[in-house]
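Below: one structure, written as structure tokens.
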Amino acid sequence: MSSKTVAVIGAGLAGCEAAWALANAGVPVALYEMKPKKYSAAHHYSGFCELVCSNSLKASRLGSAAGLLKEEMRRLGSLIVPCAEQTAVGAGGALAVDREKFSDLVTQKIKKHPLITIVQQEVTTLPKGDVVIATGPLTSDGFAKTIRQLCGEEYLSFYDAAAPIVTFDSINQDKTFFAARYGRGDADYINCPFTKEEYELFYHELVAAQSVELKEFEKQGLPVYEGCMPIEVMAKRGADTIRYGPLKPVGITNPHTGKRPWAVVQLRKENAGGSLYNIVGFQTNLRFPEQKRVFSLIPGLEHAEFVRYGVMHRNTFLNSPKLLDNTYRLKKEPRISFAGQITGVEGYIESAMSGILAGLNMARRMKQEPPLILPQDTMSGALTAYISDETVEHFQPMGCNMGILPSTEIRIRDKSQRYEIVANRALESLNAALLVK
Ligand SMILES: Cc1cc2nc3c(=O)[nH]c(=O)nc-3n(C[C@H](O)[C@H](O)[C@H](O)COP(=O)(O)OP(=O)(O)OC[C@H]3O[C@@H](n4cnc5c(N)ncnc54)[C@H](O)[C@@H]3O)c2cc1C
């Protein structure tokens with residue numbers, strides 16, 4: 001293999017896109033994949049780009065987050081978006097695929113590319129030279145150890161215990177208020193105050209709500225420490241347990257009443273722009289419709305728009321804001337880039353998008369060209385900025401959503417009209433960025 005060959009590890013959504021982008025830029029690639037010799041607990045099919053669960057790449061409509069992201073990917077030279085379109089099955093407004101035909105088509109295209117060599121083996125040590133690591137949320141144990149040594153033990157998580165995220169615009173500002181406990185520091189938190197009656201109703205619904213059934217392999221590595229306990233599990237310990245925990249009202253006065261509330265839910269900024277907030281201490285394993293129903297009983301969140309629901313599942317991911325730059329490169333060892341779910345983007349198309357950008361940027365660097373850093377009003381640019389934003393303290397994975405994009409200058413009440421304007425603005429920005437070389 002040429003000394004300029006890039007090793008791409010993992011032929012999933014991100015690895016295939018990274019290999020494709022590199023090879024199309026004239027860079028030879030050795031694509032390592034452990035299947036069919038070894039399978040993770042969720043992979044079963046021998047082809048590349050296996051969709052392990054749903055067969056949907058989400059909405060097609062341009063005025064939706066997923067539709068916009070796919071259109072951006074198309075313009076960035078995506079492999080998987082056209083393959084998905086060629087193997088699509090009817091799914092209303094979504095782009096869903098025949099998963100085996102989709103995988104076969106991607107595999108065939110990758111295998112036919114003259115600059116891509118397939119190496120069927122599990123990687124356990126780091127190859128020499130330039131490397132893109134795209135081994136996904138279920139990276140093999142042997143290689144996860146190597147990544148841990150490379151990045152630092154505290155920077156690799158094996159489990160996702162995330163609280164829901166809502167858009168700032170959808171929080172009822174008439175009921176909530178900004179404040180910090182005991183007035184310490186800046187008034188960084190949005191506080192949702194409960195009366196006793198509101199709390200009792202909320203509590204009753206929370207403990208009775210339905211949870212997700214975890215699969216056997218997902219139970220491995222379940223966090224056992226109190227800090228990660230699902231809110232509904234903590235609530236079941238007693239009617240007041242959460243009122244002495246994440247919902248404690250001490251040190252907080254409701255400016256609307258001049259009194260201390262019975263309980264308080266706090267929301268903390270999720271992104272630097274302040275367009276998204278997470279519900280502090282609300283890591284949860286409730287089913288998504290149940291989260292919507294029960295958490296909408298929190299005063300101020302009656303009409304909250306959830307851009308991400310809380311999840312608890314196996315997920316190998318880096319603390320990317322501390323480790324990666326905005327080209328997906330490892331700051332402390334720039335010959336190495338990461339791509340896919342392991343970087344903290346979440347979802348099939350998000351993983352694939354990060355593979356395109358990691359691959360394009362590595363190719364550009366090898367040719368001594370300036371990096372491609374997309375504007376933050378594009379979906380790809382916003383997600384990339386999110387995973388590499390050094391100011392983020394409690395990093396949790398993020399999928400594409402309209403809340404992550406800057407709002408329109410003039411507030412447009414109609415959501416679909418607003419999203420369409422935001423999407424068109426994103427594509428104009430992307431086109432302009434692609435014109436600059
Ligand atoms: C159980 C589960 C269900 C999910 N369901 C959905 C869903 O329905 N919709 C959605 O949008 N997202 C879903 N996701 C999240 C995510 O979108 C997918 O995991 C997605 O496939 C991530 O893409 P990736 O390229 O990062 O990793 P993957 O697609 O998993 O690709 C990684 C590849 O690397 C290979 N590999 C791993 N370790 C090694 C090694 N050491 N050496 C060589 N090869 C290696 C694997 O065999 C695999 O082919 C799910 C995740 C999980 C774990």
Side-chain angles (χ1 to χ4, degrees), residues 7-20 30-59 65-66 69-70 79-80 84 94-97 99 102-103 106-107 110 118-127 131-147 158-160 212 214-221 288 308 311-318 320 328 338-356 358-359 383 387 397-401:
V8 175
I9 310 174
L13 281 302
C16 286
E17 287 284 21
W20 190 251
L31 178 59
Y32 290 80
E33 171 53 55
M34 66 181 186
K35 294 192 304 181
K37 290 187 178 153
K38 187 170 178 176
Y39 286 85
S40 82
H43 289 86
H44 305 288
Y45 194 62
S46 61
F48 301 159
C49 272
E50 180 179 353
L51 304 180
V52 285
C53 186
S54 154
N55 65 334
S56 169
L57 306 187
K58 299 192 197 142
L69 182 58
K70 285 194 286 291
L79 166 66
I80 70 127
L95 176 58
V97 300
R99 69 180 79 228
F102 168 70
S103 168
V106 174
T107 308
I110 291 271
I118 311 297
V119 188
Q120 283 182 338
Q121 88 181 46
E122 178 192 1
V123 174
T124 52
T125 54
L126 274 174
V131 182
V132 179
I133 299 175
T135 43
L138 303 173
T139 294
S140 72
D141 292 346
F143 195 47
K145 247 186 226 163
T146 303
I147 297 174
F158 291 96
Y159 213 88
D160 211 350
V212 174
L214 290 181
K215 297 195 184 78
E216 247 348 278
F217 79 90
E218 288 179 311
K219 292 180 187 161
Q220 295 162 23
F288 291 174
R308 178 194 163 134
V311 285
M312 304 201 71
H313 57 203
R314 263 298 304 279
N315 190 12
T316 311
F317 70 100
L318 301 170
S320 294
Y328 294 88
F338 282 85
Q341 181 105 352
I342 199 166
T343 67
V345 293
E346 183 162 272
Y348 296 149
I349 49 175
E350 294 83 346
S351 296
M353 174 280 293
S354 71
I356 302 176
L383 279 172
I387 65 108
M398 174 79 78
C400 64
N401 66 82

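Here the structure is a predicted model, which is why all the values come from computation and not from measurement. Order of appearance sets the numbers: ligands from 1, and atoms from 1 within every ligand.
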Taking [X] for the side chain and [Y] for the main chain, is one N or O donor matched with an acceptor at less than 3.5 Å?
X: Q120; Y: M34; value: no
X: T316; Y: P137; value: yes
X: K35; Y: G47; value: yes
X: E50; Y: Y45; value: yes
X: N401; Y: G399; value: yes
X: S351; Y: G347; value: yes
X: S46; Y: P36; value: no

Polar atom proximity, [X] to ligand 1 (N or O, under 3.5 Å):
X: E50; value: no
X: Y348; value: yes
X: M34; value: yes
X: C53; value: no
X: V123; value: yes
X: G10; value: no
X: K38; value: no

R308: salt bridge (Lys or Arg N to Asp or Glu O under 4.0 Å) partners, not counting sequence neighbours
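Expected list: D160, E346.
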
With the threshold set at 4.0 Å, does a side-chain nitrogen-carboxylate oxygen contact exist between K38 and E33?
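No, no charged N to carboxylate O under 4.0 Å.
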
Can you list the atoms of ligand 1 that are under 4.0 Å from a heavy atom of [X]?
X: A14; result: 25 (O)
X: G12; result: 25 (O), 29 (O), 31 (O), 33 (C)
X: G340; result: 26 (O)
X: L138; result: 53 (C)
X: S54; result: 8 (O)

For ligand 1, the portion of V52 having any non-hydrogen atom under 4.0 Å away
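Looking at V52 and ligand 1, just side chain atoms fall under 4.0 Å.
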
Go through the side-chain N and O atoms of E122 and S140 and say whether any donor and acceptor fall under 3.5 Å apart.
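Side chains of E122 and S140: pair found under 3.5 Å.
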
If we only consider heavy atoms of A134, is any one of them less than 4.0 Å away from an atom in ligand 1?
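The answer is yes, since A134 has a heavy atom less than 4.0 Å from ligand 1.
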
Just to check, does Q121 reach to within less than 4.0 Å of ligand 1 when the distance is taken from its heavy atoms?
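True for this residue.
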
Between the candidates Q341, E17, H43, which shows the shortest non-hydrogen contact distance to atom 30 (O) of ligand 1?
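Comparing heavy atoms across Q341, E17, H43, the nearest one to atom 30 (O) of ligand 1 lies in H43.
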
